[in-house]
Chemist: 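Here it is, the structure in full.
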Amino acid sequence: MSFFDTTPLGRILNRLSNDIERIDEELSGTFAYVCFLLALVFQSVITIIIVIPELLIIAIPPIIVFIKLVRYYTATSVQIRRLVSKSWSLVTSYVQDAYVGADSLRVFNVVSRSKEQMRQMSDMTIETDHTEITCNRWVQVRLDLLTQVAVFGFIMIAIYLGDIRVISMG
């Protein structure tokens, strides 16, 4: 019972509702998409290894950069997600408290102060959401750029190997 006495109700509700929402709405689609992408990558890598085994050696540095970038992003993303969750918990808890204590707010004539506090909490929540979106876009741009550079390099090497007749142009 001490957990429920010390933890704001908004944090509990936010945590449970967000977790259930993610399980219900996002998990199955994300899992299917990841399986599809892994199959596609596996198929492409096997094809490249069979046709041009020399490219396997050149593919190792981009893979290492991919792994380092994803690890860096994951550590940051976990902390940002924690901040987003906490800020939404504060807003949820504050709205619930304001709803329950609406009569007291009016009696003590602190409605304007309550509105200002709500505006500040909403601004903070929007800022954390924006930070999370920006972080996601940051990693997306870098991974896309790395992918395009790697593909360009592979194509140039394949063209060069075709020119010197190591592989057929077909």
Chemist: Grouping I, L, V, M, F, W and Y whenever their side-chain heavy atoms are under 4.5 Å apart, do Leu90 and Met118 come out in a common cluster?
Modeler: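 In one cluster: yes.
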Chemist: Give the minimum heavy-atom separation between Thr125 and Ser87, together with the two atoms involved.
Modeler: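 Here Thr125 and Ser87 meet closest at OG1-O, 3.4 Å.
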Chemist: For Phe154, which residues count as a ring pair (Phe, Tyr, Trp, His ring centres under 6.0 Å) partner, sequence neighbours excluded?
Modeler: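 Phe154 satisfies ring pair (Phe, Tyr, Trp, His ring centres under 6.0 Å) with no other residue.
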Chemist: Is it true that atom CZ of Arg71 has more than 12 heavy atoms of other residues, nucleotides or ligands lying nearer than 6.0 Å?
Modeler: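 No - once you tally the heavy atoms of other residues, nucleotides and ligands closer than 6.0 Å, there are 12 at most.
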Chemist: So how far is it from Ile63 CD1 to Leu146 CG, rounded to the nearest 0.5 Å?
Modeler: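 Answer rounded to 0.5 Å: 10.0 Å.
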Chemist: Give me each pair satisfying salt bridge (Lys or Arg N to Asp or Glu O under 4.0 Å) with a member in residues 129-157, each pair once, sequence neighbours excluded.
Modeler: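 Passing the test, one end in residues 129-157: Arg81-Glu132.
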Chemist: Please determine whether the number of non-hydrogen atoms from other residues, nucleotides or ligands lying under 6.0 Å from atom CD1 of Ile57 exceeds 12.
Modeler: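 Not buried by this count: 12 neighbours or fewer within 6.0 Å.
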Chemist: Using the test side chain to side chain donor-acceptor pair (under 3.5 Å), find all partners of Ser114 that sit at least two apart in sequence or belong to another chain.
Modeler: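 Once residues adjacent in sequence are excluded, the partners of Ser114 under the side chain to side chain donor-acceptor pair (under 3.5 Å) criterion are Tyr94.
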Chemist: Between atom CG of Asp123 and atom NE2 of His130, what is the distance when rounded to the nearest 0.5 Å?
Modeler: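 Rounded to the nearest 0.5 Å, the CG-NE2 separation comes out at 13.0 Å.
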Chemist: Suppose the criterion is ring-ring contact (aromatic ring centres under 6.0 Å, His included): which pairs have a residue in residues 52-74, not counting sequence neighbours?
Modeler: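 Applying ring-ring contact (aromatic ring centres under 6.0 Å, His included) to every pair that reaches into residues 52-74, excluding sequence neighbours, yields Tyr72-Trp138.
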Chemist: Do Ile58 and Ile52 sit in the same hydrophobic cluster, where Ile, Leu, Val, Met, Phe, Trp and Tyr count as joined when their side-chain heavy atoms come under 4.5 Å apart?
Modeler: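 Yes; Ile52 is reachable from Ile58 via cluster members.
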Chemist: Return the OG to CE distance between Ser93 and Met121, rounded to the nearest 0.5 Å.
Modeler: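 Spacing of OG (Ser93) from CE (Met121) equals 8.0 Å.
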Chemist: Donor-acceptor pairs are to be reported for all side-chain atoms of residues 99-113 against protein atoms at under 3.5 Å, with residues two or more places apart or in another chain.
Modeler:
| residue | atom | partner | partner atom | Å |
| --- | --- | --- | --- | --- |
| Asp103 | OD1 | Arg106 | NH1 | 3.1 |

Chemist: Can you tell me how far CG of Leu161 sits from CG of Leu55, rounded to the nearest 0.5 angstrom?
Modeler: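 Reported value, rounded in 0.5 Å steps: 7.0 Å.
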Chemist: Side-chain heavy atoms nearer than 4.5 Å, only ILVMFWY residues, links allowed to pass through others: does that put Trp88 and Ile80 together?
Modeler: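 Linked, Trp88 and Ile80 end up in one cluster.
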Chemist: Please determine whether residues Ile60 and Ile67 belong to a single hydrophobic cluster, defined as Ile, Leu, Val, Met, Phe, Trp and Tyr linked transitively by side-chain heavy-atom distances below 4.5 Å.
Modeler: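 Each belongs to a different hydrophobic cluster.
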Chemist: Anything under 3.5 Å between a donor and an acceptor, one on a side chain of residues 30-45, the other on a protein residue two or more places apart or in another chain? List them.
Modeler:
| residue | atom | partner | partner atom | Å |
| --- | --- | --- | --- | --- |
| Thr30 | OG1 | Glu26 | O | 2.7 |
| Ser44 | OG | Leu40 | O | 3.0 |

